[in-house]
Amino acid sequence: MPGFDIPANIVEQTRLAHSIFLLTVDAPAIMDSTDPGQFCMLEVQENNSKDPLLRRPLSIYKTGSNGQISFLYKAVGKGTRLLSKRRPGEIIRVLGPLGQGFRLIHDCTSILVGGGLGIASLLLLAQGIKQSGRLIILIGAKNAAEIPTVEDFSRLTRYFHVVTEDGSLGQRGMITDLLDQTLQEITGTARIYTCGPWSMMKAVYHMVSKRNIPCQVSLEAAMACGIGLCLGCAIPKSNSRGFLHVCQEGPVFDADQVHWGQNS
Amino acid sequence: MPGFDIPANIVEQTRLAHSIFLLTVDAPAIMDSTDPGQFCMLEVQENNSKDPLLRRPLSIYKTGSNGQISFLYKAVGKGTRLLSKRRPGEIIRVLGPLGQGFRLIHDCTSILVGGGLGIASLLLLAQGIKQSGRLIILIGAKNAAEIPTVEDFSRLTRYFHVVTEDGSLGQRGMITDLLDQTLQEITGTARIYTCGPWSMMKAVYHMVSKRNIPCQVSLEAAMACGIGLCLGCAIPKSNSRGFLHVCQEGPVFDADQVHWGQNS
Amino acid sequence: MINQKKSTPISPDLSISIGGLGLKNPVLLASGTCGYGMELDDLLDLDQIGGIIIKGLSIRPRPGNSPPRLVETPCGLLNSIGLENMGIEAFLRDKLPLLRNIKTPLIVNILGNSVEEYFEMARRLDGAEGIKAIEVNISCPNVKAGGIAFGTDPETAASVTHAVKKATGLPIIIKLTPNVTDITEIARKVASAGADAISLINTLLGMAIDIKFRRPALANVFGGLSGPAIKPVALRMVWQVVRAVDIPVIGIGGISTPDDALEFLMAGARAVEIGTATLIRPSTAEEVLTGIRDYMKTNNVQNVKNLRLPA
Amino acid sequence: MINQKKSTPISPDLSISIGGLGLKNPVLLASGTCGYGMELDDLLDLDQIGGIIIKGLSIRPRPGNSPPRLVETPCGLLNSIGLENMGIEAFLRDKLPLLRNIKTPLIVNILGNSVEEYFEMARRLDGAEGIKAIEVNISCPNVKAGGIAFGTDPETAASVTHAVKKATGLPIIIKLTPNVTDITEIARKVASAGADAISLINTLLGMAIDIKFRRPALANVFGGLSGPAIKPVALRMVWQVVRAVDIPVIGIGGISTPDDALEFLMAGARAVEIGTATLIRPSTAEEVLTGIRDYMKTNNVQNVKNLRLPA
Ligand SMILES: Cc1cc2nc3c(=O)[nH]c(=O)nc-3n(C[C@H](O)[C@H](O)[C@H](O)COP(=O)(O)OP(=O)(O)OC[C@H]3O[C@@H](n4cnc5c(N)ncnc54)[C@H](O)[C@@H]3O)c2cc1C
Ligand SMILES: Cc1cc2nc3c(=O)[nH]c(=O)nc-3n(C[C@H](O)[C@H](O)[C@H](O)COP(=O)(O)OP(=O)(O)OC[C@H]3O[C@@H](n4cnc5c(N)ncnc54)[C@H](O)[C@@H]3O)c2cc1C
Ligand SMILES: Cc1cc2nc3c(=O)[nH]c(=O)nc-3n(C[C@H](O)[C@H](O)[C@H](O)COP(=O)(O)O)c2cc1C
Ligand SMILES: Cc1cc2nc3c(=O)[nH]c(=O)nc-3n(C[C@H](O)[C@H](O)[C@H](O)COP(=O)(O)O)c2cc1C
Ligand code: FES
Ligand code: FES
């Protein structure tokens, strides 16, 4: 089941920081079947313009009880900037929920490591884990403006830490240092869930694989379809000549499956 | 001097009828040098989208004493529909004033014949003639909704008549009948200025050329540049193998110059 | 004439036939943009479509090219998937059985690196239940001839056609590459070599550079350009080929609206394929179909063939 | 390396040379989209631009094709102007004197229907004061060879080049048509025939159909496709030709932003021409130039030639 392609009504479009927006749409069918870590493909063009041509992938950040889903996104280029101009009351086509989300493992300590807007794919996961186990959330960013929604996370657990490179929120520092420290403190089995820049996830994976801690990562790739039709979203597998397809087999993978050497 | 290319602030965008809009922008440099019958090329795309690719030509409908110019247009396709979504406060690039407008001849009766939105290129002319001579305005349209701004014209002269095909405004009838009647009534020399659908202008020209009444017509053609660079806006000349270029030699021509047989 | 408005609405006939294969309508899903067929289930009513063309299969599985494999360009998409596929055996074994439930004719697209490979694949498909025709992608490099694409040399294109026709009784559609000086020359050769139909165009060879990282945007440097950007080139070639050969022509290239499809049908295409547009909007083929039907009703066109312009 | 940030801002060197002709920067106005030059005055500071390429001139005036001559396509423009021009004599007599006030080098674009016509035109331009180079459009039909374009046959392309070189001492730029199977073959022939530089691409052959009026949208049926839609094809061909010949290559096709131009310069183009974008935004060339200069400053690139990627 590749999801639903819905003409969704825009309920909210809020600018949270300089170029960071929260978009909420009515999409009950999608909401009902969303798993943490899944994403949607959003039509960004207006009036049948064919430039930009492709939809844009965004993680499902939040689901509301009233059939709404929200996206937390950064306007980085043509597509996301156009998206940020769409207004409440307008209709936008949304295809989702797509891909394989996080596989929740209960009865252990779950450590969520989010870098920058990578947090967009972690909120539903954090809410899910909160029900059933010990939850540690570590968030890192360049500065406070990059992560305007940290309170959504901090209210979920006492074990919440944020670092920024410029010290504008939480401690000044790197998320990998924070993780290292955390790993030294915890006892019992743990699992890592991470989403953020490739280099950060690579560092996280190397750090925890040495300790044999299982790690799930949420990856990005250029996508045309998001549903396994084009095979465009390939990334190299760790131990064979073949490729993983981010939209269908991912976006969440066991970090072991991924060939981390390339794409860095 | 091919005009000014100005990033103009949108002051007003009003829907006057189902798909007819009045757009007003701040463009003092253009306003200062506009002659009746000239046009502008307007950028319709947003955010560097390249689809649609070309600017759209629109006649300058009105000029304001405060440096503003207005366009009266119908949203017929992709470009004009996108234009109609642009809002006050947004910036839009406008190139103008372009082309050769109407050549005003004083000391005779001036008859303006407008068909549908063809009236968009006639208002400045009517205002100009009003200063100096006898002005007759004849307007025809399918229905009242097609010509939501007739009052701009009716207030300029007592000799104002409007006909619609469905009788929803003025008499029910065809503009050519109205013109025929008018020509029979007037005395002294007269001149015709017309803008509207090709078939109407062709009929008007045939009617008045028999009586040797000079006739100026405002023509349309697909345009890429509007300033004589591409030679795309050609229409056949009346008495040679060559072509007229609507954007540079027109849009207003002496009807005698035009080969009316084709393009009908 | 076309523009007469009658009072009784007609029910237009959209059925067509291609090399003896009857299709209920002329809107097909293009190879490489509808996966192995089932991926689209639920997003598109596969039973409504004229035909489904399975992604290109090779004799052995192919891993495809290294990423990045996709770049967006103005109104276009550049791809260098590298013909990743599971190979013909795995397809026949694992995918075909599931596909037999769909009522729409299945067409398999094949690619090879030698004439022998094309022959061998057509032979294996010959007996396969549920496969109604073969579309032969000749845009691939001919390894024996120094990597020049089969489809750019008229003689080689003809010999692939010969080989495939010898191997199977299934209708054969030869899919042409647009990267040639004279598309009609290739089309004529392929037609006289016995092709039942011609489809065109495959992608235009293009590239993009990532100026931020100062390297070609695709790992493979070159890629195939598809989407609305290429429509004018595709339509021109379809118009030319329709007037050069007597066999049916299937139009492909940048079709994303009913109007686009109507342009190809008016140019004389017997059918059309929807490629990139399906990636962006999975239901495109159905919407195109509805739009064609509406146009025919409004303009009182009884048979879809009558859309063709005379010139 | 390129990405080092230095504290002292550099002042980048944008000057280039093409066949002995020095240009102050690599941004030129493409033929057929800047009229006879003066039309753009006041909308663009002509003195700032690297070079101006006058619209295609023929030996006698040409009225051009019947309208419609233009159709917009997705991110593209189809034109069939039909090479309307005033003829070389009228140009030399009426337009050239006015153009001598501009400080920017003038390049004249010529077209012909026979090798003799090309020779004759190059001869007449040879002595003309103020003309710095000739760009030879070989996309035109060769009337003696049944209307096949000069630029699609390597031998004919070479003979035009030979003829023009014999006729004049001015630098000769041969402008290639992209409607060929192997652009490098033509480029190599033209280079060995003595061309000083190659420019590419001219327009892709395309068409559109007006489904409302049920006829080709252009009176001429076919037209030339230009604009952003063709950029990936143009860039691929420039990349290929740069690596196939030793003479300078000028990149053309869909350039409308500094980033577009940088892609071509990174592909190895010595210079770029702005075509359709000037029609839409007359100041494009100046903005592209500013953007290139800013990129070079930010990325500490001293000489515009260093933008070229190694591969
Ligand atoms: C499964 C998935 C989930 C995602 N979730 C989110 C999310 O929740 N919030 C969010 O802000 N972003 C998310 N992204 C990234 C988002 O899709 C891109 O930022 C967006 O597509 C860029 O489009 P654009 O037109 O604005 O930029 P473009 O003009 O296309 O590109 C601008 C810049 O962004 C880079 N870029 C383009 N596409 C991507 C991409 N897919 N990944 C990374 N960089 C890219 C380009 O290299 C370029 O430097 C997700 C991506 C994927 C694949
Ligand atoms: C000098 C000049 C002045 C004009 N002044 C006005 C004006 O004041 N008000 C106004 O409403 N319109 C005016 N027009 C017409 C206006 O430019 C077109 O309606 C507009 O360009 C259509 O763009 P679009 O993208 O909306 O339609 P498209 O999607 O391009 O086309 C939609 C339909 O409109 C037709 N069309 C497209 N371009 C033109 C054109 N240039 N002329 C006629 N039909 C066209 C097409 O054939 C098609 O049927 C003027 C045109 C010219 C040349
Ligand atoms: C991602 C992708 C993969 C493709 N794979 C194949 C293929 O395997 N075999 C083939 O013959 N054509 C393939 N094509 C070409 C399409 O079938 C089609 O000919 C081309 O994209 C032009 O049509 P469009 O503009 O509608 O996409 C592929 C196209 C794309 C975009
Ligand atoms: C309206 C128009 C007229 C053109 N006339 C000529 C011409 O006379 N001679 C020529 O060599 N190229 C001509 N061209 C081709 C352009 O110079 C250029 O090669 C092509 O348009 C691709 O570049 P672009 O995408 O930047 O427009 C013309 C292009 C257009 C759009
Ligand atoms: S994006 Fe098309 S297969 Fe993943
Ligand atoms: S529109 Fe370009 S010359 Fe008239």
Side-chain angles (χ1 to χ4, degrees), chain A residues 1-7 29 33 41-45 47-57 76-79 92-96 98 198 219-237 240-248 258-259 261-264, chain C residues 29-44 55-56 61-86 210 212 217-219 223 226-229 231 254 256-257 259-260 275-284:
Chain A
M1 176 60 225
F4 305 88
D5 192 12
I6 292 177
S33 51
M41 296 291 289
L42 286 82
E43 207 172 75
V44 294
Q45 317 82 339
N47 261 56
N48 297 320
S49 173
K50 304 290 173 197
D51 179 42
L53 184 65
L54 304 175
R55 295 196 190 189
R56 297 298 192 254
V76 295
K78 214 172 189 174
I92 181 177
R93 264 191 113 85
V94 181
L95 170 61
L98 303 176
W198 177 271
L219 300 184
E220 292 191 359
M223 289 185 178
C225 71
I227 51 175
L229 301 174
C230 72
L231 307 182
C233 58
I235 52 157
K237 273 189 193 164
S240 81
R241 256 185 83 216
F243 297 97
L244 298 164
H245 300 92
V246 174
C247 77
Q248 216 180 18
V258 178
H259 183 72
Q262 297 184 16
N263 278 333
S264 62
Chain C
L29 298 178
S31 180
T33 56
C34 60
Y36 296 106
M38 296 310 293
E39 290 88 340
L40 274 167
D41 207 18
D42 290 330
L43 288 172
L44 178 72
K55 72 173 282 75
R62 291 168 70 128
N65 289 332
S66 289
R69 290 180 174 186
L70 298 173
V71 207
E72 192 183 54
T73 66
C75 292
L77 173 65
L78 270 175
N79 88 79
S80 69
I81 308 302
L83 301 166
E84 172 178 348
N85 77 94
M86 54 172 53
D210 186 325
K212 202 165 130 199
L218 297 172
S226 64
K231 197 187 70 173
S256 63
T257 65
D259 288 6
D260 295 335
T276 303
T278 301
L279 304 177
I280 300 162
R281 187 159 170 141
S283 55
T284 304

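Chain identifiers are assigned alphabetically (A, B, ...) following the order of the sequence lines, protein sequences preceding nucleic acid strands; residue numbering begins at 1 within each chain.
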**OP:** Tell me, out of C:I81, C:V71, C:N85, who's got the most heavy-atom pairs with chain A below 4.5 Å.
**Re:**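 It is C:I81.
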
Toward chain A, the part of [X] with a non-hydrogen atom under 4.5 Å:
X	result
C:T276	side chain
C:N65	backbone
C:R62	neither

Residue pair [X] / [Y]: nearest heavy atoms and the distance that separates them:
X	Y	value
A:A224	C:L77	CB-CD2, 4.1 Å
C:P67	A:F243	CD-CE2, 3.6 Å
C:R69	A:L231	NH1-O, 2.7 Å
C:P282	A:L95	CG-CD2, 4.2 Å
A:C230	C:L70	SG-CD1, 4.3 Å

Distance in Å, [X] [atom1] paired with [Y] [atom2], rounded so as to fall on 0.5 Å steps:
X	Y	atom1	atom2	answer
C:D42	A:F4	CG	CZ	8.0 Å
C:I280	A:K50	CD1	NZ	7.0 Å
C:T257	A:N48	OG1	CG	8.0 Å
A:D51	C:C75	CG	SG	5.0 Å
A:L53	C:L279	CG	CG	9.0 Å

Subject >> Contact list for residues 70-79 of chain C, test side-chain hydrogen bond (donor to acceptor under 3.5 Å, both in side chains), sequence neighbours left out >> reply: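 Found A:R56-C:E72.
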
Subject >> chain C interface, residue from A:M41, A:R93, A:E43, A:Q248 that has the most non-hydrogen pairs under 4.5 Å >> reply: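 With the most close heavy-atom pairs to chain C, the winner is A:R93.
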
**OP:** For the residue pair A:L229 and C:T33, establish whether any side-chain heavy-atom pair is separated by less than 4.5 Å.
**Re:**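 With C-beta onward as the side chain, the pair stays apart.
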
Original post:
Of the backbone (N, CA, C, O) and the side chain (C-beta and beyond), which part of A:M223 lies under 4.5 Å from a heavy atom of chain C, both, or neither?
Top reply: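 The backbone, not the side chain.
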
Original post:
Which residues pass the salt bridge (charged side-chain N to carboxylate O under 4.0 Å, His left out) test with C:E39, sequence neighbours left out?
Top reply: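 Per chain and number, C:E39 pairs via salt bridge (charged side-chain N to carboxylate O under 4.0 Å, His left out) with no residue.
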
